Amino acid sequence: MNNSIEIYNLKKSFNTVKALDNLMLTVEQGGFYGLIGPDGAGKTTLMRIITALLLPDSGSIMVGGLNPVKDYKELRLKLGYMPGRFSLYQDLTVEENLSFFAKVFDTSIEENYHLIAPVYSQIEPFKNRRAGKLSGGMKQKLALSCALIHKPEILILDEPTTGVDAVSRRDFWEMLSQIRENGITILVSTPYMEEAVLCDKISLMFDGKIINSGTPTEITSKFKEKIFILKTLHLREILKIARQMPELKSVNSFGQNLHLVVRDNLVEITEIESFIKKSCDYDFKIEPYQAGIEDCFIDYLESVENV
Amino acid sequence: MSEDNIIEVENLVKKFGNFTANDNLTFTVKKSEIFGFLGANGAGKTTAIKILCGILFPTSGNVIVAGFDIYKERNIIKQNIGYMSQGFSLYEDLTVKENIEFYAGIYGVKRKEIKIRLDELVDKLQIHDLKNKFVKDLPLGWKQKIAFSVAIFHKPKIVFLDEPTSGVDPITRRQFWDLIYEAVESGITVFVTTHYMDEAEYCDRISIMVDGKIDAMGTPTELKTMYKAKNMDEVFVKLARKQTEEIK
């Protein structure tokens with residue numbers, strides 16, 4: 001068996017709300033898999049079912065060759081899970097938290113130190129500090145160490161970098177790529193699109209379903225609309241003007257630039273230029289552009305929301 | 001205080017025991033600008049915001065907010081500001097409408113006026129279906145947009161936004177920034193922290209805090225030129241890298 005996670009027709013409702021609606025997902029063994037999607041798409045529910053913390057209503061699910069509904073005890077040994085909210089013991093020190101998790105799984109810090117070393121070595125100087133007194137970035141590293149200490153086969157990470165600064169985030173993703181070199185399968189959700197592209201495969205979730213998945217290049221190559229990038233020092237002003245142009249399907253800011261998506265290939269650069277120049281004298285430059293994951297994300301969601 | 005400034009901070013120091021959270025901060029925020037207050041986790045941003053909002057006293061230094069002195073006129077300052085954070089924004093067990101009425105009441109908005117502004121807001125955000133729902137039943141994106149609208153409902157001079165878009169998807173983040181632009185156009189000054197570096201580009205001016213100090217300040221264009229960086233992400237990484245190596 002080459003898949004770490006196999007899910008067919010998974011359904012889960014909370015009262016009248018369909019959290020997961022016939023969801024299908026396959027994650028290969030050793031894969032590095034990213035989940036993206038708007039709030040309320042069902043990402044956390046899916047992760048809780050995979051980790052045997054929630055029961056599905058129906059459908060079939062296999063995780064590490066086991067059924068989370070029946071074999072949850074065995075499965076726990078194979079899984080590392082980092083929930084979205086920091087859930088370690090605030091009153092225990094860094095080292096106490098880690099050795100607690102090690103003991104629960106009948107192992108020790110020494111035995112699996114090599115596995116957590118890239119992460120834990122960075123917070124080890126603070127091993128006598130209480131977890132509640134750590135900075136955001138350090139809490140993240142402790143939580144990851146605790147999720148790894150029993151040498152899991154599969155690591156499930158629910159938005160591990162939300163609220164974490166840009167530098168700590170980079171460090172965190174570097175650590176993830178080191179961890180996967182040990183053959184650990186990783187399933188991670190993130191609201192940061194520049195992180196999602198670091199995964200081998202990405203799935204976009206919406207309304208309890210996976211509506212698009214593939215490698216980052218597969219996803220971006222499916223983007224068929226004409227898209228341009230506009231560079232200017234007067235972003236806000238030109239954003240407003242460009243949004244008035246009916247031939248543009250969407251105009252969004254991307255950092256210091258705007259991305260313009262053309263409706264049904266209706267216009268070219270020169271026509272957009274003259275439209276904007278009618279309303280202002282600001283300098284700007286429009287160039288062809290290759291859509292990224294964030295462009296795809298926005299385009300898919302806008303199209304499903306307009307249906 | 002200069003006419004153009006809405007916040008003036010001079011030599012602000014805040015210590016907790018031996019730990020210096022804010023180490024001699026000096027900066028100004030201009031009226032009706034979007035001021036981005038960036039920094040790594042633990043750099044001291046939230047401490048500074050609490051001082052500017054009149055929740056914490058500084059150890060030393062001068063701070064003027066909306067023309068009022070932080071030491072003597074804290075209560076007047078609170079009437080002139082709005083505040084929103086990721087951690088605390090709305091009461092989950094109240095409906096959207098009840099939250100708005102509650103906050104507006106606290107800020108002394110007249111009952112008649114509340115009704116008028118509430119109707120305007122419901123139309124603007126298109127939340128006719130949502131207004132009678134409990135906040136706990138709303139998706140995070142809506143909570144954040146409504147929390148922002150609540151924070152500026154009493155028409156404050158400044159609104160402080162502490163990581164308002166944390167964990168929010170790309171579409172909702174952009175809708176949120178449209179609301180920020182609108183607020184600025186109506187004359188409200190926006191003081192915002194974020195970990196999304198694309199959002200840093202949307203600010204008029206930015207300060208970057210490292211280790212309790214402000215290490216850089218300027219417009220995004222100025223900072224990118226100064227640090228020979230192609231975007232704000234690079235500026236931030238260049239500045240923050242040196243200290244995270246030591247601490248984290």
Side-chain angles (χ1 to χ4, degrees), chain A residues 17 36-41 43 84 122-123 125-126 134-141 159 161-172 189-194 196 204-206 233 235-237 239-240 243 250-257 293-302 305, chain B residues 34 38-43 45 86-87 137-144 163 165-174 177-178 180-181 184-185 193-202 204 210 219-221 224 230-248:
Chain A
V17 181
I36 55 178
D39 315 302
K43 302 184 296 287
Q122 299 182 41
I123 49 170
F126 308 96
L134 297 175
S135 75
M138 284 160 74
K139 278 184 182 166
Q140 228 68 8
K141 284 166 192 161
E159 295 202 4
T161 51
T162 292
V164 175
D165 69 69
V167 171
S168 303
R169 262 190 343 250
R170 281 176 186 223
D171 293 346
F172 193 87
S189 62
T190 177
Y192 299 93
M193 298 302 120
E194 72 266 26
L204 170 57
M205 266 186 90
F206 180 73
L233 291 175
L235 204 71
R236 256 182 261 168
E237 294 83 356
L239 175 74
K240 265 194 177 174
R243 279 188 175 162
S250 76
V251 180
N252 281 303
S253 43
F254 276 71
Q256 56 197 333
N257 307 310
I293 287 290
E294 193 153 344
D295 296 298
C296 297
F297 183 102
I298 291 175
D299 197 61
Y300 285 123
L301 290 193
E302 282 177 347
E305 276 170 6
Chain B
I34 304 177
L38 309 188
N41 299 119
K45 301 184 301 285
Q86 163 79 6
D137 295 330
L138 302 181
L140 179 66
W142 271 111
K143 280 187 198 171
Q144 297 301 81
E163 291 183 33
T165 53
S166 188
V168 172
D169 70 74
I171 293 187
T172 311
R173 286 204 294 127
R174 286 176 174 79
W177 274 86
D178 286 340
I180 291 183
Y181 294 153
V184 167
E185 277 169 20
T193 72
T194 180
H195 291 310
Y196 291 92
M197 291 303 121
D198 57 337
E199 295 184 352
E201 311 273 1
Y202 311 152
D204 294 309
V210 179
T219 66
T221 313
K224 282 179 272 186
K230 64 173 191 291
N231 52 39
M232 280 308 299
D233 188 45
E234 273 188 31
V235 173
F236 185 84
V237 170
K238 277 186 179 176
L239 274 166
R241 184 63 79 183
K242 55 179 200 275
Q243 72 95 28
T244 42
E245 300 284 88
E246 296 156 25
I247 295 186
K248 293 172 185 167

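Just so we're clear, the structure is a prediction, and the values are computed from it rather than from any experiment. To find a chain, count down the sequence lines: A is the first, B the second, and so on, and within it residues start at 1.
- Salt bridge status for B/Lys45 with A/Asp165: absent, with no side-chain N to carboxylate O gap under 4.0 Å.
- Taking every heavy atom of both residues into account, B/Gly167 and A/Pro191 meet most closely at CA-CG, 3.9 Å.
- A 4.5 Å side-chain heavy-atom check between B/Asn41 and A/Met138 finds every atom pair outside the cut-off.
- Two residues are said to be in side-chain contact when any heavy atoms from C-beta on lie closer than 4.5 Å; B/Asp169 and A/Met193 fail this criterion.
- The residue among B/Thr194, B/Asp198, B/Thr172 with the most heavy atom pairs within less than 4.5 Å of chain A is B/Asp198.
- In this structure, A/Gln256 and B/Pro220 have side chains that are not in contact, with every pair of non-hydrogen atoms separated by 4.5 Å or more.
- Contacts between A/Glu294 and chain B at a heavy-atom distance below 4.5 Å involve the side chain alone, from C-beta outward.
- With a threshold of 4.5 angstrom between heavy atoms, B/Asp137 does not approach chain A through any atom at all.
- Neither the backbone nor the side chain of A/Leu134 comes within contact range of chain B; no heavy atoms are under 4.5 Å apart.
- Using a 4.5 Å cut-off between heavy atoms, B/Ile34 touches chain A through its side chain atoms alone.
- Contact count against chain A (heavy-atom pairs under 4.5 Å) is highest for B/Lys224 among B/Glu199, B/Lys224, B/Met197.
- Using a 4.5 Å cut-off between heavy atoms, A/Val17 does not touch chain B at all.
- Of the two parts of B/Lys143, neither the backbone nor the side chain holds a non-hydrogen atom closer than 4.5 Å to a non-hydrogen atom of chain A.
- Across all their heavy atoms, A/Val167 and B/Val237 have their closest contact at CG2-CA, 3.8 Å.
- Looking at A/Leu239, the atoms closer than 4.5 Å to chain B (heavy atoms on both sides) all sit in the side chain, from C-beta outward.
- Residues A/Gly163 and B/Glu163 share a closest heavy-atom pair of CA-OE1, 3.7 Å.
- Ranking A/Gly40, A/Pro125, A/Ser253, A/Gly37 against chain B, the residue ahead of the rest is A/Ser253, based on heavy-atom pairs under 4.5 Å.
- Within the 4.5 Å cutoff, side-chain heavy atoms of B/Tyr202 are placed close to those of A/Leu235.
- No part of B/Gln144 comes within reach of chain A, as not one of its non-hydrogen atoms sits under 4.5 angstrom from that chain.
- The shortest side-chain heavy-atom distance between B/Trp142 and A/Asp39 does not fall under the 4.5 Å cut-off.
- Ion pairing of B/Asp178 with A/Arg243 is present here, as a side-chain N (NZ or NE/NH1/NH2) and a carboxylate O approach within less than 4.0 Å.
- With A/Arg169 contributing its side chain and B/His195 its backbone, the two residues share a donor-acceptor pair below 3.5 Å.
- Between chain B and the options A/Ile36, A/Val164, A/Thr161, heavy-atom pairs under 4.5 Å are most frequent for A/Val164.
- Residues A/Phe254 and B/Arg174 form a side-chain contact, since some pair of their non-hydrogen atoms from C-beta on lies under 4.5 Å apart.
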